[in-house]
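First listed ligand is number 1; within each ligand, the first listed atom is number 1.
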Amino acid sequence: MSRIIAIANQKGGVGKTTSAVNLAAGLADKGKRVLLVDLDPQASLTLSMGYREPDKLEHSVTEVISAIVNDEELSENFGIIHVKDNLDLLPSNINLSAAEVSLVNAMSRELILRTYMDQIRTRYEYILIDCMPSLGILTVNALACADSVLIPVQAAYLPVKGLQQLIKTIYTVKRRLNSNLQIEGILFTMVDRRTIYAREIVDEVNEVYGKSIPIFQIEIPMSVRASETSQLAKTIYDYDPNGKAADAYSKLTKEVLEHGC
Ligand code: ADP
Ligand code: MG
């Protein structure tokens with residue numbers, strides 16, 4: 001059985017991409033076959049995986065979307081890069097913005113990515129989709145094909161309003177397009193427990209959402225080492241294996257694996 005997890009929050013800079021990279025690496029390390037999908041035209045995930053010139057890649061998620069929109073056949077590994085054992089990447093680049101525009105007039109435009117996932121999902125145990133910072137049609141496509149959504153929340157500003165909007169979108173997609181959709185959990189990222197502000201935000205989100213939405217027990221701590229990884233195209237396990245962020249991401253991996261059984 002494969003599990004598709006969309007990593008979404010319409011706010012940028014909350015740790016979506018960092019969480020996608022390190023959760024994928026953690027799952028792959030546990031022997032799970034993982035596909036990472038970059039669904040952000042900014043291509044931060046593709047860059048973080050070491051592909052420094054995403055605009056020069058021959059194929060990307062953009063061509064996959066265009067092929068589905070045009071009802072064309074895709075060859076088996078079309079666009080997919082084999083990164084290392086158990087870990088594949090469907091990269092993105094700036095052309096994805098144009099694909100997003102082309103979706104507007106496509107038939108069943110919210111279900112384009114699902115059509116693709118139906119073709120490839122049996123090959124993986126986990127498919128993680130790194131969403132762009134918006135609630136536009138691409139993110140709706142991710143929600144429409146996912147089994148669950150993981151919501152990174154940066155514990156450094158008051159996120160409640162944005163969260164309400166995201167959760168509303170998730171429930172609308174669940175009602176209209178994907179009744180299987182669940183919330184994997186809210187994940188606090190960049191938590192600095194020494195600050196009163198971070199503690200207040202964690203408490204407030206727990207109070208407002210804790211009863212209705214799962215919240216991961218593990219919090220990802222603020223870590224300078226973690227912030228350096230994307231630039232270096234390394235996972236936190238490779239760059240700072242004994243640090244607190246690596247420990248947190250390996251505990252997150254465990255929690256996600258437990259949800260899956
Ligand atoms: P998003 O994908 O939501 O835009 P990113 O994962 O790209 O967010 O993270 C935003 C920025 O915060 C990046 O510069 C990243 O390196 C940094 N960052 C991510 N996680 C942490 C952390 N635990 N501690 C400190 N900085 C982090
Ligand atoms: Mg990102």
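- Ser230 places no side-chain N or O within 3.5 Å of a backbone atom of Ser48 that could act as its donor or acceptor partner.
- Across Met190, Gln42, Glu228, heavy-atom proximity to atom 27 (C) of ligand 1 is greatest for Met190.
- The nearest heavy-atom contact from the protein to atom 15 (C) of ligand 1 is Thr18 OG1, 3.9 Å.
- Looking only at distances, no side-chain donor or acceptor of Asp29 sits under 3.5 Å from a matching main-chain atom of Ala25.
- Checking Cys131, Ser227, Pro152, Ser230 against atom 17 (C) of ligand 1, the nearest heavy atom belongs to Ser227.
- Between Lys11 and ligand 1, no pair of N/O atoms sits closer than 3.5 Å.
- Atom 13 (C) of ligand 1 is not flagged as protein-proximal [any protein heavy atom, distance under 4.0 Å].
- Under the 3.5 Å distance criterion, the side-chain polar atoms of Lys16 are matched with a main-chain donor or acceptor of Lys11.
- Within ligand 1, the atoms closer than 4.0 Å to a non-hydrogen atom of Ala226 are 22 (C), 23 (N), numbered from 1 in the order shown.
- Contacts of Ser19 with ligand 1, taken as heavy-atom pairs under 4.0 Å, are absent altogether.
- Residues Asp88 and Arg123 fail the side-chain proximity criterion, which asks for heavy atoms closer than 4.5 Å.
- In this structure, the protein non-hydrogen atom closest to atom 4 (O) of ligand 1 is Gly13 N, 2.7 Å.
- The pair Asp247-Lys251 meets the salt-bridge criterion, since a charged nitrogen lies less than 4.0 angstrom from a carboxylate oxygen.
- Checking Thr17 against Asp130 by side-chain atom types alone, a donor-acceptor pair falls below 3.5 Å.
- Which of Ser223, Ser44, Gly12 comes nearest to atom 25 (C) of ligand 1 through a heavy atom is settled by distance: it is Ser223.
- Between Ile220 and ligand 1, not a single N/O pair is under 3.5 Å apart.
- Ligand 1 has an N or O atom lying under 3.5 Å from an N or O atom of Lys16, backbone or side chain.
- Tested against Ser92 for a side chain to side chain contact (heavy atoms under 4.5 Å, CB included), the candidates Val37, Val61, Thr62 yield a single pass: Val61.
- Residue Leu143 is grouped with residue Leu163 when hydrophobic side chains (ILVMFWY) are merged at heavy-atom distances under 4.5 angstrom, including chains of intermediate members.
- In summary, Arg193 and Glu219 engage in a salt bridge, as defined by a charged side-chain N under 4.0 Å from a carboxylate O.
- Any N or O atom pair closer than 3.5 Å counts here, and Pro221 shares at least one such pair with ligand 1.
- Distance alone, capped at 3.5 Å, is enough to place a donor-acceptor pair between the Asn206 side chain and the Val202 backbone.
- Between Met222 and ligand 1, not a single N/O pair is under 3.5 Å apart.
- The single protein non-hydrogen atom nearest to atom 7 (O) of ligand 1 is Thr17 CB, 4.0 Å, given as residue, atom name and distance.
- No continuous path of hydrophobic side-chain contacts links Ile129 to Val14 [ILVMFWY only; heavy atoms under 4.5 Å].
- Atom 8 (O) of ligand 1 has Gly15 N, 2.9 Å as its closest protein atom, hydrogens excluded (heavy atom only).
- Distance check for Met132 against the Mg ion (ligand 2): none of its N/O/S atoms falls below 2.8 Å.
- Look at Val14 and you'll find a heavy atom under 4.0 Å from some atom of ligand 1.
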